[in-house]
Number of protein chains: 2
Amino acid sequence: MVSPRRPTLADVAQEVGVSAKTVSRVLNGNGPTSESTRERVLEAVGRLGFQLNPMAQSIRSGGPDTTVGLVIPDLANPFFGSVASGIEATVRDHGLTLVMGSSGDDPERETDLTRSFLARRVSALMVVPSVGADHSHLKRHLAQGLPVVFIDRPGHGLPTDTVVSSNRKGAREGTAHLIAHGHRRIGFIGDLPRGLYTRRERQAGYRAALAEAGIPYDRALVGEAHDEHGAAKALARLLALQSPPTAVVSGNNVMTLGAMAELGRSGEPVAVVAIDDVPMAELLTPALTVVAQDPVTIGREAGATALRRLAGDRSRPRTVVVQNRLIQRGSGERRSAADQELPA
Amino acid sequence: MVSPRRPTLADVAQEVGVSAKTVSRVLNGNGPTSESTRERVLEAVGRLGFQLNPMAQSIRSGGPDTTVGLVIPDLANPFFGSVASGIEATVRDHGLTLVMGSSGDDPERETDLTRSFLARRVSALMVVPSVGADHSHLKRHLAQGLPVVFIDRPGHGLPTDTVVSSNRKGAREGTAHLIAHGHRRIGFIGDLPRGLYTRRERQAGYRAALAEAGIPYDRALVGEAHDEHGAAKALARLLALQSPPTAVVSGNNVMTLGAMAELGRSGEPVAVVAIDDVPMAELLTPALTVVAQDPVTIGREAGATALRRLAGDRSRPRTVVVQNRLIQRGSGERRSAADQELPA
DNA sequence: TTGAAAGCGCTAACAC
DNA sequence: GTGTTAGCGCTTTCAA
């Protein structure tokens, strides 16, 4: 048996004995239709398992496709996965589907992805922009009213909506927490590239907290890395200093994994405040104090922003700042592991 | 200034002074073209920033769209995020783009998503099937040669390719590890619904290990939950038993978070083997032994399977089993926390 | 090597 | 309330 091809509008029309346009009217709920045709059409549609082809719709109508393009650095990173889930949950109810790609923080791949999404006529574009990415090709689309939202990091020189975390404030509070617990030599492990917005902001927050406490900034206490392994090495270097830090701020979830692994190996009693929450932080010894981001809310805000634009909002581009939250779990305590070695 | 609409093939053709078909031939690299036209066309394409509209291509050619539809339960779950990243990395090089949706393990949402992806004429469909989902509407598409791959769990009664973890074997090895370390009362925390393939397989592996060791299966030692909080409560119940378990197998990453949190609160010296790796497992006290899954490989295998089918492979459906790996990190040791209370 | 015409699945614009 | 025609952006088919 030859399997029949997917039914078309014309097939349904023929089946019912009406014109294609009538079926279209029934399915799209525009234009008037008599109750009886409606019923007969819907019956045939159900029987044939017909569905309108959204691509053909979008081509003919000249409007955008019912998709939202999303470019993130890495799908496997739970932070971005949560962002994506927040976006999806928000736009889903409006009939929009997510089209996604990972840039790997490579500006070229990012541009390829945005171009390909634009060629697909996405309804909106959401991008976690890579350092050095060129967004000039977005200008014309912005001018035509395409909603573009930059996520987690601002874009460069384009008047777009943006959703970011309160990076600087969060890092400042996290660092202040360590200072409040008596630490004066506090390290920072940042990710790379150094020009990355979140890296800069967080390190700025770290420095601000030091400055407020009158603690001089010591460049030697700043480590940086591309990945978990590098973060471990960076921390090892700090620990090997003449005068090593008694506490460390780790710049994101990946840095945290490397730093904690190294601390576990070294056994050094170094307090850690992590930016971005990680699972089971409260179960570590000492429990890990974190500056939790809220990636799902970031995604939801990004989705809501795009939907507002699609609904006709032409106001000036806005930047939404999703607040980070300091969760004290005890790793701010001074030399907690060392305490155990002292007599009570 | 009115922003010009996106250029079309005809625009490029007019610009160069050739027919649309010629531009099409140049861009698609089919049909013969003279070197000089080629160059002039490409110049104009670059200057106008023209890109072929893949939706129009797919409509006219009758072929599938250059997208792959992916339905997963939850984008925010790092396991599925990693699966997605493996898929994307594999299909990307073949010009395919990921279209994704979260089902929330709701069979209806899953069906809605697959239907909408099919209406979009995706090149392939990948689904983490929910319990109770109806896949009968996929039959006709399978017959027409659409690659359908079920991921993490087999589908129901359809001859499709499938990629799963070695769930039963992994759970058996994890449980055997606990037995080898002297445990005889071993609990199991499974996720819900009970009929979920991975839950059944893992629990079966757990029972198999018990049976091999001649340990009777005690239903009272099996807890189950929907989420992290529920897992904590389920474990609390086991701990409150007359004769509580000395070790526990946790059925997936979410169950592990809840179980570990509860253990942290209770302070009970219970050994844990977790199915699915979690970050910083080696930093917990005692370090968490895990049966690590390999979600990225699962995704890659799923992608490769679909690509083979698209390349014309018509052989019988295959099931790829991605091997789990027991990573011993010490939490199998008997009552390790209790040891610390004993004099050396 | 190139082009003209027709048409994919659908809807806009108009007619009746 | 319904149908007809034309045409979206592209490729197929055929002819030159």
Side-chain angles (χ1 to χ4, degrees), chain A residues 4-42 44-45 48-66 95 115-116 118-123 144, chain B residues 4-42 44-45 48-67 95 115-116 118-122 144:
Chain A
R5 66 172 193 3
R6 226 185 138 72
T8 72
L9 205 56
D11 295 329
V12 179
Q14 186 174 9
E15 190 82 6
V16 183
V18 294
S19 77
K21 180 66 211 182
T22 298
V23 179
S24 167
R25 278 196 267 253
V26 168
L27 260 30
N28 288 295
N30 51 12
T33 48
S34 80
E35 185 55 30
S36 77
T37 12
R38 237 184 71 80
E39 277 173 17
R40 275 155 52 225
V41 165
L42 291 178
V45 163
L48 298 179
F50 173 77
Q51 280 190 281
L52 286 167
N53 182 333
M55 301 195 297
Q57 288 186 290
S58 123
I59 285 189
R60 172 58 237 202
S61 69
D65 188 20
T66 55
R115 295 194 99 93
S116 112
L118 291 169
R120 278 188 179 286
R121 313 231 39 191
V122 291
S123 292
Q144 287 178 47
Chain B
R5 66 173 193 359
R6 225 184 141 74
T8 73
L9 204 56
D11 296 330
V12 179
Q14 185 174 9
E15 189 81 7
V16 183
V18 294
S19 78
K21 179 65 219 187
T22 299
V23 180
S24 168
R25 276 195 269 255
V26 170
L27 259 30
N28 289 296
N30 52 10
T33 48
S34 80
E35 186 56 31
S36 78
T37 12
R38 238 185 70 80
E39 279 174 15
R40 276 158 48 227
V41 165
L42 291 179
V45 163
L48 298 180
F50 173 76
Q51 279 191 282
L52 286 166
N53 182 334
M55 301 195 298
Q57 287 186 289
S58 127
I59 283 188
R60 171 58 238 204
S61 69
D65 187 21
T66 55
T67 51
R115 294 194 100 95
S116 113
L118 292 168
R120 276 188 181 287
R121 312 230 40 190
V122 291
Q144 288 179 46

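Letters A, B, ... are given to chains in the order of the sequence lines, protein chains preceding strands, and every chain is numbered from 1.
- A 6.0 Å sphere centred on CZ of A/Arg38 holds no more than 12 heavy atoms belonging to other residues, nucleotides or ligands.
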Reading nucleotides 4-13 of chain C from 5' to 3' and marking B where a protein heavy atom lies under 4.0 Å of the base, S where only the sugar-phosphate is that close, and - otherwise, the string is B-BBBBBBBB

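- Side-chain contact, B/Arg120 with A/Thr66: a donor N or O sits under 3.5 Å from an acceptor N or O.
- Within the structure, a side-chain polar atom (N or O) of B/Ser34 is placed less than 4.0 Å from OP1 or OP2 of C/dT2.
- Not one N or O on the side chain of A/Ser24 forms a donor-acceptor pair closer than 3.5 Å with the backbone of A/Ala20.
- Around CD of A/Gln51, the count of heavy atoms belonging to other residues, nucleotides or ligands within 6.0 Å exceeds 12.
- Here A/Thr37 lies in heavy-atom contact (under 4.0 Å) with sugar-phosphate atoms only.
- Atom CG of B/Asp65 and atom C1' of D/dG9 are 14 Å apart (whole Å).
- Counting heavy atoms from C-beta outward, B/Val41 and B/Arg25 have side chains that stay 4.5 Å or more apart.
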